[in-house]
Chemist: 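Take a look at the following structure, please.
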Amino acid sequence: MSIFVDSKTRLLVQGITGRDGSFHTTEMIRYGTNVVGGVTPGKGGMSFKGPDDQKIPIYNTVEEAVADTGANTSVIYVPPAFAAGAMEEAVDSGVALVVAITEGVPVQAMTKIHAFAQDRGVRILGPNCPGVISPGKAKVGIIPEQIVMPGPIGVISRSGTLTYEAVINLTKEGIGQTTCVGIGGDPLIGTSFIDCLTQFKGDEETEAIVMIGEIGGTDEQDAAEWISDNLDIPVVGFIAGQTAPPGRQMGHAGAIISGSSGTAEEKMRCFEKNGVRVAARPIDIVELVREALD
Amino acid sequence: MSIFVDSKTRLLVQGITGRDGSFHTTEMIRYGTNVVGGVTPGKGGMSFKGPDDQKIPIYNTVEEAVADTGANTSVIYVPPAFAAGAMEEAVDSGVALVVAITEGVPVQAMTKIHAFAQDRGVRILGPNCPGVISPGKAKVGIIPEQIVMPGPIGVISRSGTLTYEAVINLTKEGIGQTTCVGIGGDPLIGTSFIDCLTQFKGDEETEAIVMIGEIGGTDEQDAAEWISDNLDIPVVGFIAGQTAPPGRQMGHAGAIISGSSGTAEEKMRCFEKNGVRVAARPIDIVELVREALD
Amino acid sequence: MDIHEYQAKEILRDNGIPVPPGRVTKDPNDAVNIAKDYGDTVVVKAQVHSGGRGKAGGVKLAGTSDEVFAAADQILGLTISGHTVKEVLITPAEDIDSEAYLGILIDRESQSPVVMVCSEGGVDIEEVAEKSPESIKKLIVDPRQGLLHHQAYGLAGALYNDPSLVKQATVIIKQLYQAFVTSGASMIEINPLISTPTGEVKAIDAKMSVDNSELFKYPSIEAYRDVASEPWAETMAREAGLSYVKLDGNVGCCVNGAGLAMATMDLVKYYGGEPANFLDIGGSSNPQKVVTALQIITSDPNVEVILFNIFGGITRCDDVAKGIIEALGQLEIEAPIIIRLTGTNEEEGLKILSAEGMSAFTSMDEVVEKAVSETSN
Amino acid sequence: MDIHEYQAKEILRDNGIPVPPGRVTKDPNDAVNIAKDYGDTVVVKAQVHSGGRGKAGGVKLAGTSDEVFAAADQILGLTISGHTVKEVLITPAEDIDSEAYLGILIDRESQSPVVMVCSEGGVDIEEVAEKSPESIKKLIVDPRQGLLHHQAYGLAGALYNDPSLVKQATVIIKQLYQAFVTSGASMIEINPLISTPTGEVKAIDAKMSVDNSELFKYPSIEAYRDVASEPWAETMAREAGLSYVKLDGNVGCCVNGAGLAMATMDLVKYYGGEPANFLDIGGSSNPQKVVTALQIITSDPNVEVILFNIFGGITRCDDVAKGIIEALGQLEIEAPIIIRLTGTNEEEGLKILSAEGMSAFTSMDEVVEKAVSETSN
C-alpha cells in the first residue's frame with residue numbers, strides 16, 4: 001500500500017504550460033502517474049503533449065477540469081504571485097489533495113488558505129515541498145524517480161534534496177519505500193509530520209518510518225510525543241541544522257531558531273526521549289532502519 | 001412548554017445602562033425573567049438596580065459576564081453603530097441564544113455575523129425584532145406583558161406592534177400562548193419562520209400556530225411549503241402590506257417588493273395552497289384560531 | 001438610498017473600473033459644450049431614480065450640437081415614473097461588440113453577497129431572471145472570505161471566450177466587489193458591461209443602492225443624496241426619523257410600527273377607503289415626532305381624514321396624545337382626526353385627549369371603519 | 001526582512017497609532033539640532049537590526065545639547081551583535097506611568113495570526129514567556145474574519161483597568177492588526193506600549209519583520225531595506241536569488257537545497273571541521289548562479305577549502321559543473337574545490353569536470369571528510 005497517492009490518483013497539473021509544470025508533467029506521466037488534465041488560464045481547449053504523444057486536455061479553471069476529468073488531486077507549479085490563488089481555486093474545486101510545490105507563498109495568505117482547506121476537508125501538502133512519490137505507483141511533484149524503489153519504509157521530510165540523500169541511501173542498500181512525502185519547508189504547511197504518521201500507521205505495508213526534520217518550530221517535538229503515544233512501528237529520525245546559528249533563516253522560511261526554541265539539539269533530545277532512533281549523519285539512517293526492521 | 005426562553009433562561013443584557021436597556025431590564029425582571037447580569041464596557045464592577053432593589057452585576061465584556069454568571073442567553077439594546085460588534089461579542093461568548101432588538105444594523109455586517117453564528121452554533125433572533133415572550137415563564141425583549149397569557153398558541157411574526165395587535169385579540173378572547181416570537185423586520189434575520197415552526201413542532205403544548213408575515217422576500221412562502229410537508233398542527237396566517245406599492249421600502253428594511261416577487265398576494269396564495277388558513281384582517285385571526293382548535 | 005448613474009460611475013472609477021468620461025448638467029447649452037469635448041456622437045441620459053429611462057425617452061443619441069441641445073432640452077423636465085428629470089449626463093457614444101450584465105446584491109436566502117453575471121446585458125435583468133433564469137450565473141460569496149480571484153475569473157469566463165476580455169472582466173468583477181464592500185452598498189450593478197471592437201471591456205451604465213444603515217460611515221455618499229428632486233415630505237420625514245411613503249388615497253395614516261402601519265393601510269382598503277400614505281412614527285416616540293408626522297400628512301392635499309392607530313409598546317400613548325394636542329395648537333388642521341390609542345400609558349393618553357375634548361377608540365377595526373366613513377368616497 | 005525602529009514607527013503612525021515624534025540622523029551635530037526641536041530631555045537610540053540595544057549602550061537619555069552630542073557620538077559606530085550603528089533616532093523622553101507589551105505574529109500551531117499582550121512591558125518578551133507564561137494573554141485571530149472589536153477590547157482590558165486607557169488601547173490594538181495585515185508583516189510589536197501620567201497610551205518602541213514573500217507588493221517597505229549596513233555578500237546573494245548566511249569556520253559550502261545545506265554544515269562539524277557559511281543555490285540552477293556563489297564564498301578570507309555538495313533534482317549536475325568551470329576562468333580561486341555531484345545529469349556533469357582535469361565524489365560523507373582534511377586545523 002501507500003499513502004496520499006497511488007494508482008487511483010487522478011491528477012490535475014495547475015500551471016501545466018509553465019517551464020517547471022511542463023517538465024514535471026512529462027516526468028510524472030513517464031512514471032505512470034495518471035495525469036488527467038492541466039489548468040492554465042487562457043489556454044483552455046488546447047492540449048499538452050505528453051510522452052508518446054498523449055494529449056492531456058488543458059482547462060481555464062480547475063472547476064471545469066474537475067467536472068470534465070473527475071480529478072481527485074491537484075499539483076501546483078504556478079509562480080509565487082499566483083500560487084495562493086491557485087491553491088484557493090484547488091481547495092474550492094472538489095479535489096481531495098492539493099500538492100503545492102511553489103516556494104514563496106506569503107504566509108498571511110497561507111493562514112487564510114489553511115482555514116479554507118480545513119472548512120472544505122481538503123488536504124494541502126506544502127507549500128514549498130517536493131511532493132510525494134509512492135514507488136511503482138504514482139509520483140506527484142518533483143521527487144526524482146531514480147532514487148526510490150518499492151519497499152516497507154515510509155519517509156517524511158521537511159526538505160527536498162536532503163530527502164533524496166536519505167532515500168537514495170536506503171534504495172542503494174535494497175531497502176524500498178511505501179511512500180516518500182516532502183511536507184515542505186515553510187512555517188505554515190498543510191500536512192504535518194503527525195498527519196503523515198497517522199496515515200502510515202494505517203498503512204499495513206509500512207514497517208518503519210524515517211522522519212527528516214530541521215530547525216524551527218515544534219513539529220518534530222509534537223510528532224515525537226505523538227509517536228510515543230500512538231505508534232507501534234519503529235521510527236528513525238534525523239534533524240538538519242545542528243550548526244545553524246539562532247535568529248538566522250536557513251534558506252527555508254520555516255527553518256529559523258527563535259530564542260532557545262526550535263534548535264536541533266532540542267528536537268533530537270525530544271526524539272530520543274520518545275523512542276525515536278536518532279541518526280547523527282544522513283548515512284546512519286540506513287543502519288538504524290536496518291536494525292529497526294530486524 | 002415553550003420555545004427559546006423559559007424559566008431556565010439565564011439572561012444577560014448588553015447595553016443594560018442605556019435608556020432602552022435599563023427600562024426593559026426592569027420590565028423583564030418584573031415579569032420573572034432571570035436576569036443574571038448586564039454588560040456595558042467601562043462600567044464593569046458596578047451594578048444595576050432592579051425592582052425591589054436587586055443588584056444585577058455589570059461587566060465590561062460578555063466573556064467575563066458569561067464566566068461569572070453562567071448566562072445562556074443575551075439580549076442586545078445597544079445603539080446601531082455598536083450593535084454589530086455586540087452581536088459578534090455575544091456569538092463569541094458561549095451563550096446559545098442572542099436576541100438583537102436594535103434596528104439599523106448594516107446588512108453587510110449581518111452577513112458576516114450570521115456566518116459566524118452558524119459556525120458557532122449560536123441562534124440569533126433578529127435583529128430589529130421585539131424579542132420573545134413565553135407567557136408566565138420569561139420575557140426577553142420588549143413585548144408588553146399585558147397583552148399575553150399562557151395557553152396553547154404559538155405566535156411568530158416579522159413585526160412588533162402588529163404582533164401585539166394579533167396577540168391581544170387572542171388574549172382578550174381567552175386564548176393564551178405558549179410563546180410569542182418576533183423574528184424581526186430586516187432582510188437578513190437569524191431565526192426564520194421555519195426555525196420557529198420547527199421548534200413549535202417539538203413543543204407538545206403548542207396546539208396551533210399564528211404566523212404574521214409581511215411583504216418582501218420569500219420567508220413566508222418557504223414556511224408554507226415546509227408546513228405542508230412537515231407540520232400536523234393547524235397554522236393561521238396573515239400578511240401585512242396588501243396595499244404597498246412595489247419598489248418602496250415600507251419602514252422595515254426587509255419590507256420591500258422587488259419586481260413581482262414578495263407581494264402580499266403571492267404570499268397569501270402560497271399560504272392557501274399549502275393549507276395555511278389566511279386571515280383577511282388581524283381581527284379575523286382569532287376566529288380562525290378558534291376554528292382550528294376545535 | 002439610490003444614487004444616480006453618474007454618481008455610481010464615480011464610485012466605479014474610484015475603484016479602478018474603466019468607465020467612459022461623462023459630465024452632468026442642468027442646462028442644454030452647457031450640454032452642447034460638454035459634448036464638444038467628447039467630439040463625435042454623444043449620449044444624453046436623464047439622471048433619475050427610476051428604471052425604464054430608455055422607453056420613457058430619457059436616453060438619446062446626439063451627433064451634432066443641435067441634436068445635443070434638442071436632446072438635453074427634451075429630457076430635462078421630463079417626468080419618468082413620477083420623478084422629474086433635473087440633470088442629464090453627457091457621455092461619448094461607444095462602439096459596442098457585446099453587452100453583458102454584472103451585479104452584486106445581498107441574497108436573503110444565503111444571507112450573503114451574491115455576484116450575478118449574464119451575457120445578455122443591456123436589458124432588464126429581472127425579466128431575464130424570469131424568462132431564462134439559466135442564463136444568469138450566480139456566485140454566493142463567503143462574506144468573511146471575500147470574492148476570491150478564481151471565483152471572479154470563473155464568472156468572467158461565463159461572459160467571454162476571448163482570454164483578453166476574460167482577464168479584463170476578472171479585474172472588473174473584483175473591483176466591483178471592492179466597491180460594493182467599501183461603499184456599504186446593498187446593490188450595485190453594471191448594465192451593460194460592454195466589449196468594444198478594439199477589445200476593451202467598459203461599464204456603460206451603473207446603478208447602486210447604499211444601505212441606509214451604513215450611510216453614516218460614508219459622508220461622501222450621503223452627500224450624493226438628491227434632496228432637490230426628493231419630495232419635501234420625504235426629506236422632512238427622513239430628517240425627523242420617520243418612515244413615510246406617499247400613496248394616492250385620501251385617508252392619512254399615522255401608526256407606530258411598520259407592520260401595523262401596513263396592516264392599517266390594508267384595513268382602510270378593506271373598509272372601502274384608500275390610504276393616503278404609509279407612515280411609521282417609529283419605536284421611541286416623542287411628542288415632536290407626532291407634530292412632524294401631522295405636518296407631513298396634512299401637506300398632502302388629498303388627505304380628507306387623519307387616522308391614528310397607536311398600539312403602545314415602547315411608544316407611550318401619552319406622548320402621542322401630547323403630540324396631537326401640540327400639533328393642533330401649531331398647525332391649521334382641517335381634516336378630522338380619528339384616534340385609536342391602546343397599550344403603554346393608555347389611560348394617561350386618554351386623559352390628555354379628553355381634557356381637550358377629544359376621544360379615542362381602542363379597537364383597530366372601529367377606528368379604521370370610522371375614518372373611512374369620514375371620507376367623501 | 002527586519003526593518004528599523006523608526007521605520008516601523010512610520011508604519012504605526014500611518015495606521016493612526018500614537019507615536020511620539022522622532023527623526024534619524026548619522027551626524028551628532030544634526031542630533032543636537034533635532035533635540036532642540038523637542039525641548040527638554042530626549043532619547044538617543046541606535047537603529048540596528050538587533051535586540052539588546054539598551055544593554056549594549058545603544059540607548060541613552062540626554063538632557064543638554066552637550067549630552068545629546070556625546071550620546072549620538074558614542075552610539076554612532078558602535079557594534080551591537082555584529083551590526084554597526086549607522087543611524088540614531090532622536091525622540092523626546094516620555095513620562096511613563098506603566099509599560100506594556102503588544103505584539104502580533106504568525107503562530108505555527110494555529111496557523112493563524114496571534115495577538116499577544118502583557119502588562120509587563122519594556123522587557124524581553126521571550127524571557128517573560130519562559131518565566132511567567134501566564135502573564136501573557138494570547139488571542140488567535142481567524143484570518144478571514146480579522147480581529148473583532150470585542151477581541152481587541154478584551155485584550156486591552158488585560159492591560160489596563162482605567163476605562164479611558166482601555167478604550168485607547170482597544171483602538172491601538174485594532175490599528176496594529178490593520179498595520180500587520182496591510183504591510184505583509186510576519187511580526188510586529190510595540191514594546192513598550194506606555195501610559196503617561198496624563199492618561200495617554202503611546203507606542204515608545206516598535207519592531208517589525210516583513211514576510212520576504214510579500215515584499216514585492218510593498219515597494220515602500222522594500223525601500224526600507226538597509227543595504228548600507230548589510231554585508232556585501234548578503235546583498236549579492238539576495239540579488240542573485242541565493243540563500244547565504246556567513247558563519248565563522250573555514251570550509252566554504254555550496255549546496256542545493258536548504259535541508260541538505262544544513263546537513264552538509266553539520267557533517268563538516270561531525271568530521272571535525274567548521275563550516276564557513278550556509279549557502280543554498282536554490283532549485284532551478286543555472287551556471288551563473290554557481291559563479292556568483294563562488295564569488296560570495298571566496299570573498300570570505302577565512303575560507304580555506306570550497307565544498308560542493310550537489311544532489312541533482314531540479315538542479316542539473318551539468319549546469320553546476322559548467323558554473324564551476326566558468327568561475328575558475330573568471331575568478332582567481334586559490335582554495336581547493338572539492339566536489340560531490342550526483343543525481344540529474346550526473347554523467348554530463350562529470351564529463352564537463354573531467355574535460356578540465358577535475359573529478360568529483362558521489363558520496364556525501366566522502367566529500368565532506370575530504371574537504372575537512374584540506375583545512376589547516
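When reading the values below, keep in mind they use all heavy atoms of this one structure, side chains included, and skip hydrogens, waters and symmetry mates.
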Chemist: Is a side-chain N or O of D:Thr344 found less than 3.5 angstrom from the main chain of D:Gly312, in a donor-acceptor match?
Modeler: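 The answer is yes, because a donor-acceptor pair under 3.5 Å joins these two groups.
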Chemist: So which of A:Ile283, A:Ile147, A:Ile285 actually passes side-chain contact (heavy atoms from CB on, under 4.5 Å) with A:Asn169?
Modeler: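 Between A:Asn169 and the candidates, side-chain contact (heavy atoms from CB on, under 4.5 Å) is satisfied uniquely by A:Ile283.
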Chemist: Quick one: of A:Gly185, A:Pro187, A:Ala81, who has the most non-hydrogen atom pairs under 4.5 Å with chain D?
Modeler: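 Among the listed options, the one with the most contacts to chain D is A:Pro187.
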Chemist: Among A:Ile239, A:Asp222, A:Thr163, A:Asp119, who wins on heavy-atom pairs under 4.5 Å with chain D?
Modeler: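 Answer, by heavy-atom pair count under 4.5 Å with chain D: A:Asp119.
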Chemist: Which region of D:Ser243, side chain (C-beta onward) or backbone (N, CA, C, O), has a non-hydrogen atom less than 4.5 Å from a non-hydrogen atom of chain A, or is it both or neither?
Modeler: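 The side chain, not the backbone.
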Chemist: Does any heavy atom of chain A fall under 4.5 Å from the side chain of D:Asp266, the backbone, both, or neither of them?
Modeler: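 Both backbone and side chain.
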Chemist: Determine whether a donor-acceptor pair (N or O, by modelled atom type, separation under 3.5 Å) exists between the side chain of A:Thr33 and the backbone of A:Ile29.
Modeler: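 The answer is no, because no donor-acceptor pair under 3.5 Å joins these two groups.
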Chemist: Search all heavy atoms of A:Lys112 against all heavy atoms of D:Pro143 and return the closest pair with its distance.
Modeler: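 Closest heavy-atom pair between A:Lys112 and D:Pro143: CE-O, 3.5 Å.
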Chemist: What part of A:Phe238 lies closer than 4.5 angstrom to a heavy atom of chain D: side chain, backbone, both or neither?
Modeler: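 The answer is the side chain of A:Phe238.
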Chemist: Against chain D, work out which of A:Thr218, A:Val107, A:Ile142 has the most heavy-atom pairs shorter than 4.5 Å and name it.
Modeler: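 Option with the greatest count: A:Val107.
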Chemist: Counting heavy-atom pairs under 4.5 Å with chain D, which one of A:Ser159, A:Gly104, A:Pro144 comes out on top?
Modeler: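 Of A:Ser159, A:Gly104, A:Pro144, A:Gly104 has the most heavy-atom pairs under 4.5 Å with chain D.
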Chemist: With only heavy atoms counted, which part of D:Phe180 is less than 4.5 Å from chain A, the side chain, the backbone, both or neither?
Modeler: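 Its backbone and side chain both get close to chain A.
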Chemist: Please identify, among A:Glu214, A:His114, A:Gln249, A:Gln108, the residue contributing the most non-hydrogen atom pairs under 4.5 Å to chain D.
Modeler: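 Going by pairs under 4.5 Å, I would pick A:Gln108.
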Chemist: Who wins among A:Gln146, A:Glu103, A:His252 for the most heavy-atom pairs under 4.5 Å with chain D?
Modeler: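 Most heavy-atom pairs within the cutoff with chain D belong to A:His252.
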Chemist: Aromatic rings A:His24 and A:Tyr77: how do their planes relate, parallel, tilted or perpendicular, breaks at 30° and 60°?
Modeler: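 Rings of A:His24 and A:Tyr77: parallel, under 30°.
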Chemist: Where does D:Glu130 contact chain A at under 4.5 Å (heavy atoms): side chain, backbone, both or neither?
Modeler: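 Answer is side chain: those atoms of D:Glu130 sit under 4.5 Å from chain A.
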Chemist: Picking from D:Asp226, D:Asn212, D:Asp211, what satisfies side-chain contact (heavy atoms from CB on, under 4.5 Å) with D:Met1?
Modeler: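 With D:Met1 as partner, side-chain contact (heavy atoms from CB on, under 4.5 Å) holds for just one option, D:Asn212.
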Chemist: What part of D:Phe311 gets closer than 4.5 Å to chain A, counting heavy atoms only: side chain, backbone, both or neither?
Modeler: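 It is both, since atoms from each part get that close.
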Chemist: Under 3.5 Å, is there a donor on one side chain and an acceptor on the other for A:Gln242 and A:Glu265?
Modeler: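 The answer is no; no qualifying pair exists.
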Chemist: If I measure from the heavy atoms of chain A, does D:Ala263 come under 4.5 Å with its side chain, its backbone, both, or neither?
Modeler: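 Looking at D:Ala263, backbone and side chain both touch chain A.
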Chemist: Parallel under 30°, tilted from 30 to 60°, perpendicular over 60°: which one fits the rings of D:His4 and D:His49?
Modeler: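 Parallel, since the angle between the ring planes stays under 30°.
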Chemist: Under 4.5 Å from any heavy atom of chain A, what part of D:Leu247 do you find: side chain, backbone, both or neither?
Modeler: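 Contact with chain A is through the side chain of D:Leu247 alone.
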Chemist: Are the charged groups of A:Arg30 and A:Glu27 less than 4.0 angstrom apart, N to O?
Modeler: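 So A:Arg30 pairs with A:Glu27 through a salt bridge.
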Chemist: So A:Lys267 and A:Glu272, salt bridge (Lys or Arg N to Asp or Glu O under 4.0 Å) or not? Walk me through it.
Modeler: CA-CA 9 Å; A:Lys267 295 188 183 213; A:Glu272 273 165 8; over 6 Å; no
Chemist: What residue in D:Val181, D:Asp142, D:Asp107 has the most heavy-atom pairs under 4.5 Å with chain A?
Modeler: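 When all of D:Val181, D:Asp142, D:Asp107 are compared, D:Val181 has the most.
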Chemist: Keeping D:Gln151 on the side-chain end and D:Leu139 on the backbone end, is there a donor-acceptor pair under 3.5 Å?
Modeler: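 Side chain of D:Gln151 to backbone of D:Leu139: no pair is present.
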Chemist: By a 4.5 Å heavy-atom criterion (distance strictly below it), what part of D:Gln111 contacts chain A: side chain, backbone, both, or neither?
Modeler: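 D:Gln111 touches chain A through backbone and side-chain heavy atoms alike.
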Chemist: Among the options D:Met364, D:Arg144, D:Glu214, pick out the one with the most heavy-atom pairs lying under 4.5 Å from chain A.
Modeler: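 Max contact count across the listed options: D:Arg144.
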